[in-house]
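Input: a single structure, listed below in structure tokens.
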Amino acid sequence: MMVYVIKVGGNVIDNPVLLEQFLADFAKVQGKKILIHGGGKIATRIGDKLGITANYVDGRRITDAATIDVVTMVYGGLVNKQIVAKLQAVGCNAIGLTGADANSIPASKRPVKEIDYGFVGDVVAEELNISSVKLLLDAGLTPVFSPLTHDGKGQILNTNADTIASSLAIALSGSYAVRLIYCFEKKGVLRNAADDDSVINLINRDIYQTLLAEGVLTDGILPKLQNAFNAIESGVKEVLIGHADDVRKNTTDAVAGTLIC
Ligand SMILES: Nc1ncnc2c1ncn2[C@@H]1O[C@H](COP(=O)(O)OP(=O)(O)O)[C@@H](O)[C@H]1O
Ligand SMILES: CC(=O)N[C@@H](CCC(=O)OP(=O)(O)O)C(=O)O
């Protein structure tokens, strides 16, 4: 049986029109499905209002003590519960979770090397506890995960939403055929970030290395591709990166966007 693990990013969540359309389309996806949401942009905006400035390195947020409180409120509260309520409104029986819930996504605080990322959690897909997630899926519920994990000692950690999605996809691939779909506001991975129509239809490791060397890939596309390759090389059957508007097409055979292989 196919399970769809679908991630929606911050630029879509931040656009009420795009988000509403995406959630209506997501609700119509047949079969077992999980949604993972980001919300980086909203956390940055709310942090700014509180005088807590965002600081990213290679697409990952430096998460100090003040910032972990902001992201816990924004991802675990505002964004997660708004998405769940909006899904209920379009007939999808969603249940909102963090990685601390049911101990589903344990993590360890990233060790300090050249950079101290603060309260950022590294996850190991094999250590996820997905039995509760499977129970929810079997009960006809749709889990909606925020990008928060925990260290088992009472500390919430911030984990990139693309990583949460790939880890859940890998963990579930032991029990199901999994298609992992990254949905964002571009039509796929672009050869030229300024040209929305320059979609690369297929990327393998060799092409990825070439694109990296050419400097075509920057910012938030980096964690997406790292996680996409990790997933496809760790048992996930299919991985796609595409536009949020194409989520329904991407749960059929007529895929749109960038296929990772
Ligand atoms: N080659 C590329 N193709 C697509 N997006 C790119 C590329 N290079 C850089 N980007 C940037 O990466 C962003 C996606 O990352 P991010 O904003 O973190 O997405 P999300 O919120 O979905 O995780 C795009 O909005 C785009 O600005
Ligand atoms: C550690 C880390 O970087 N966490 C991310 C989690 C949110 C996220 O991934 O949001 P998008 O999908 O909208 O980018 C952050 O705080 O930005």
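Start at 1 and go down the list; that is how both ligands and their atoms are numbered.
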[atom]: which protein heavy atom is closest, and how many Å away?
atom: atom 17 (O) of ligand 2; result: Y56 OH, 2.6 Å
atom: atom 11 (C) of ligand 1; result: T218 O, 4.2 Å
atom: atom 5 (N) of ligand 1; result: I221 CD1, 3.8 Å
atom: atom 9 (O) of ligand 2; result: A161 N, 3.0 Å
atom: atom 17 (O) of ligand 1; result: N11 ND2, 3.2 Å
atom: atom 13 (O) of ligand 2; result: G10 N, 2.8 Å
atom: atom 26 (C) of ligand 1; result: K186 CE, 4.0 Å
atom: atom 7 (C) of ligand 2; result: Y75 OH, 3.4 Å
atom: atom 3 (O) of ligand 2; result: R61 N, 2.8 Å
atom: atom 18 (O) of ligand 1; result: G220 CA, 3.3 Å
atom: atom 24 (C) of ligand 1; result: E185 OE2, 3.7 Å
atom: atom 5 (C) of ligand 2; result: N158 OD1, 3.7 Å
atom: atom 21 (O) of ligand 1; result: G10 N, 2.9 Å

Just checking, any donor-acceptor pair under 3.5 angstrom between side chains of [X] and [Y]?
X: S173; Y: K237; result: no
X: S198; Y: N192; result: no
X: T159; Y: T149; result: yes
X: Y4; Y: R179; result: no
X: H150; Y: N103; result: yes
X: D245; Y: Q21; result: no
X: T72; Y: D69; result: no

>> I need the single residue from T44, I62, D219 that forms a side-chain contact (heavy atoms from CB on, under 4.5 Å) with Y56. Which is it?
In response: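 Checked T44, I62, D219 against Y56; only one passes side-chain contact (heavy atoms from CB on, under 4.5 Å): T44.
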> Which of the atoms of ligand 1 are close to G9, meaning less than 4.0 Å from one of its heavy atoms?
Replying inline: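 Ligand 1 atoms under the 4.0 Å threshold to G9: 20 (P), 21 (O), 22 (O).
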>> Whether D138 and K32 form a salt bridge (side-chain N of Lys/Arg under 4.0 Å from carboxylate O of Asp/Glu) is what I want to check.
In response: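 Salt bridge present between K32 and D138.
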> Is D196 paired with K187 through a side-chain N to carboxylate O contact shorter than 4.0 Å?
Replying inline: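 Salt bridge flag = no for D196 with K187.
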Under 4.0 Å from a heavy atom of [X]: which atoms of ligand 2 are those, numbered in the order shown and with their elements?
X: G38; result: 8 (C), 10 (O), 11 (P), 12 (O), 13 (O)
X: R60; result: 3 (O)
X: P147; result: 6 (C), 7 (C)
X: T159; result: 4 (N), 6 (C)

[X] side chain vs [Y] backbone, donor-acceptor pair below 3.5 Å:
X: K33; Y: V29; answer: yes
X: K186; Y: D197; answer: no
X: N204; Y: I207; answer: yes

> Mind checking whether K7 has a heavy atom under 4.0 Å from ligand 2?
Replying inline: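 Within the 4.0 Å threshold, so yes.
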>> Does the residue A43 have a heavy-atom contact with ligand 2, meaning some pair of atoms that are separated by less than 4.0 Å?
In response: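 Distance cut 4.0 Å: A43 fails for ligand 2.
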> Given the rule in the side chain to side chain contact (heavy atoms under 4.5 Å, CB included) test, do T163 and R60 qualify, once you have shown the distances and angles that lead to the verdict?
Replying inline: CA-CA 11 Å; T163 305; R60 268 90 172 182; 4.2 Å; yes
> ligand 1 and V216, any nitrogen or oxygen pair closer than 3.5 angstrom?
Replying inline: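 Among all N and O atoms of V216, at least one is under 3.5 Å from an N or O of ligand 1.
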> How does K224 reach ligand 1, by side chain, by backbone, by both or by neither, if only non-hydrogen atoms under 4.0 Å count?
Replying inline: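 Contact part for K224 vs ligand 1: side chain (C-beta onward).
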> So is G40 polar-close to ligand 2, meaning N/O to N/O under 3.5 Å?
Replying inline: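 Indeed, backbone or side chain, G40 has an N or O that close.
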> Which of these, I200, D14, L190, has its nearest heavy atom closest to atom 2 (C) of ligand 1?
Replying inline: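 Looking at heavy atoms only, the winner is L190.
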> Hey, is K7 one of the residues with a heavy atom under 4.0 angstrom from ligand 1?
Replying inline: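 Per 4.0 Å heavy-atom rule, K7 contacts ligand 1.
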> CD of E20: more than 12 outside heavy atoms within 6.0 angstrom?
Replying inline: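 Counting other residues, nucleotides and ligands, CD of E20 stays at 12 neighbours or fewer.
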